[in-house]
Amino acid sequence: QVQLVESGGGLVQAGGSLRLSCAASGSIFSANAMVWYRQAPGKQREAVAVISSDGRMHYGGSVKGRFSISRDNARNTVYLQMNSLKPEDTDVYYCNSDPPIDWGQGTQVTVSS
């Protein structure tokens, strides 16, 4: 069974950067798009960045120009480089494939003002 493990979150000041990683146990990367999501308590999960199986990238409007998604198929890992972080980026971040599988535990990102 494929599992997703997110890491790299933490506490950072506004304007700072973090790099999130998502490792999959199992080969789901080569054929599937991968998506980074974020979710605040009491709110719906929101997709922020997508990378297709052939490397095309799409971003949500609130993160465009600040976040960058990439993938390493040999390592079954997808990354989210987050720059110029804002307090409103504070959320739990998750990754998943498209179509989705079971969700991982996510990684908490907290941006202080």
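Worth knowing before you read on, the calculation uses all heavy atoms, side chains too, and leaves out hydrogens, waters and symmetry mates.
For the pair Leu85 and Gln13, the minimum side-chain heavy-atom distance is 4.5 Å or more. Put simply, the side chain of Ile51 reaches to within 4.5 Å of the side chain of Met57, judged on heavy atoms.
Heavy-atom minimum distance, Val35 versus Ala47: CG1-CB, 3.9 Å. When every heavy atom of Val92 is checked against every heavy atom of Gly106, the shortest pair comes out as CG1-CA, 3.9 Å. Heavy-atom minimum distance, Gly9 versus Thr107: N-OG1, 2.9 Å. The shortest heavy-atom contact between Trp36 and Ser21 is CH2-O, 3.6 Å. The nearest pair of heavy atoms linking Ser113 to Pro87 is CB-CG, 3.8 Å. A pairwise comparison of heavy atoms in Cys95 and Val78 identifies CB-CG1, 4.3 Å as the closest pair.
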Could you go through the side-chain contact (heavy atoms from CB on, under 4.5 Å) check for Asp98 and Val50 one step at a time? CA-CA 9 Å; Asp98 183 18; Val50 182; 5.9 Å; no
Given Leu20 and Val109, is the side-chain contact (heavy atoms from CB on, under 4.5 Å) satisfied, shown in steps? CA-CA 9 Å; Leu20 307 183; Val109 171; 4.0 Å; yes
Please walk me through it: do Tyr93 and Glu6 pass side-chain contact (heavy atoms from CB on, under 4.5 Å)? CA-CA 8 Å; Tyr93 285 71; Glu6 300 93 344; over 6 Å; no
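Criterion: ILVMFWY side-chain heavy atoms under 4.5 Å apart, direct or through other members. Under it, Met82 and Val111 are part of a common hydrophobic cluster. The same ILVMFWY cluster, assembled from side-chain heavy atoms under 4.5 Å apart, contains both Tyr59 and Leu18.
With Arg75 as the fixed residue, the side chain to side chain donor-acceptor pair (under 3.5 Å) test singles out one of Thr77, Asp72, Asn73: Asp72.
Interatomic distance, CD1 of Ile101 versus CG of Leu4, reported as 4.0 Å (0.5 Å rounding). Atom OG of Ser52 and atom CZ of Arg71 lie 7.0 Å apart (nearest 0.5 Å). To the nearest 0.5 Å, the span separating CG on Leu11 from CD on Gln108 amounts to 9.5 Å.
Aromatic pair Trp103/Tyr37: centroids less than 6.0 angstrom apart.
Looking only at distances, no side-chain donor or acceptor of Asn83 sits under 3.5 Å from a matching main-chain atom of Ser17.
Side-chain contact annotation: Arg38 with Ser62, donor-acceptor N/O pair under 3.5 Å present.
Checked for salt-bridge contact, Arg66 and Asp89 meet the test: a charged N lies under 4.0 Å from a carboxylate O.
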